[in-house]
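Below is one structure; the comments refer to it alone.
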Amino acid sequence: CNTDGRITKKSVLITLDYNYSLKEQEARKKAIMNYPAYLESSNNLTIPRIILGNEYIGYILEINKNIHHLKIGQKVIVNPNIPCFSCKYCQNNLPHFCENLSSLGISMDGGLAEYSVVPSSILYQIPDDLKPETAIFTKSLSYVINALEKIKISPNSNIVILGSGLTGLICLKLLKTFNPKMIIVSEINEYNRNFALKCGANFVINPIEKNLEKEVFEKTKIGAHIVI
């Protein structure tokens, strides 16, 4: 299952905690035959001919016998980032700064494959009644929650959000629950600007057409307390 929420009988996950040399070969062969969506060229982040798919949901098909917190048939969501657990950052519980980070769909075959072989440490069970098209937002939601936990929001806060893509809109919806004084969104795309207004933004500014700093001061009379 990918960002459009579609899921099929063949959308499965195989998790074998890296003890999968033969299975990995079989999975990759099936993936390339059935889902020929991959990167043809490389850059600083990607490896050529990697099968895409960075955010996805699936069902566990096979599992290592030493794994006890997951079961065959469970629906899980994948955290595509795989830390090494051995560098100085991982050892200090900062895996997001991992020096040897791998990422499914970027440096390893991802969710557009028919089968995906991943370590159990990056799988999280989700309720059977939670729709895939809702659950797929989990990673983006976690980013926003992590950010909002680090800032102090009050009813007098003037907040500016830079961009109203998926993460920006989730941020907007959560910020509304704090009842801040004003939320201003900066966005160049017309569709996204209109959507931000529907989601509760007080003002939406196109920074290409108007001076964002000037507009924020004119509307708030004091400026922004928080910029995200």
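Just so you know, these numbers come straight off a predicted model, no measurement behind them.
Using a 4.5 Å heavy-atom threshold, the side chains of Lys139 and Asn54 count as touching. Residues Ile205 and Val185 have side chains not in contact (no heavy-atom distance under 4.5 Å, counting atoms from C-beta outward).
Under the 4.5 Å side-chain contact rule for hydrophobic residues, Leu104 and Leu101 do not share a cluster.
Atoms CG and CG, on Leu175 and Leu148 in that order, are 5.0 Å from each other to the nearest 0.5 Å. Atom CD1 in Ile145 sits 9.0 Å away from atom CD1 in Ile170 (nearest 0.5 Å).
Counting only distance, with no hydrogens or angles, the side chain of Thr220 and the backbone of Val216 share a donor-acceptor pair below 3.5 Å. One N or O on the side chain of Glu187 and one on the backbone of Ser164 form a donor-acceptor pair closer than 3.5 Å. Asp109 places a side-chain N or O within donor-acceptor distance of the main-chain N or O of Ile51, the cut-off being under 3.5 Å. With hydrogens and angles ignored, the 3.5 Å screen pairs no side-chain donor or acceptor of Ser157 with any backbone N or O of His225. In this structure, Lys210 contributes its side chain and Glu215 its backbone to no donor-acceptor pair below 3.5 Å. For the pair Lys221 (side chain) and Glu218 (backbone), a donor-acceptor distance under 3.5 Å is present. At distances below 3.5 Å, not a single donor-acceptor pair connects side-chain atoms of Asn206 with backbone N or O atoms of Asn189. With hydrogens and angles disregarded, a donor-acceptor distance shorter than 3.5 Å links the side chain of Lys75 to the backbone of Asp128. The main-chain N or O of Ile184 is never found under 3.5 Å from a side-chain atom of Asn202 such that the two would form a donor-acceptor pair.
The nearest pair of heavy atoms linking Lys152 to Ile226 is O-CD1, 3.5 Å.
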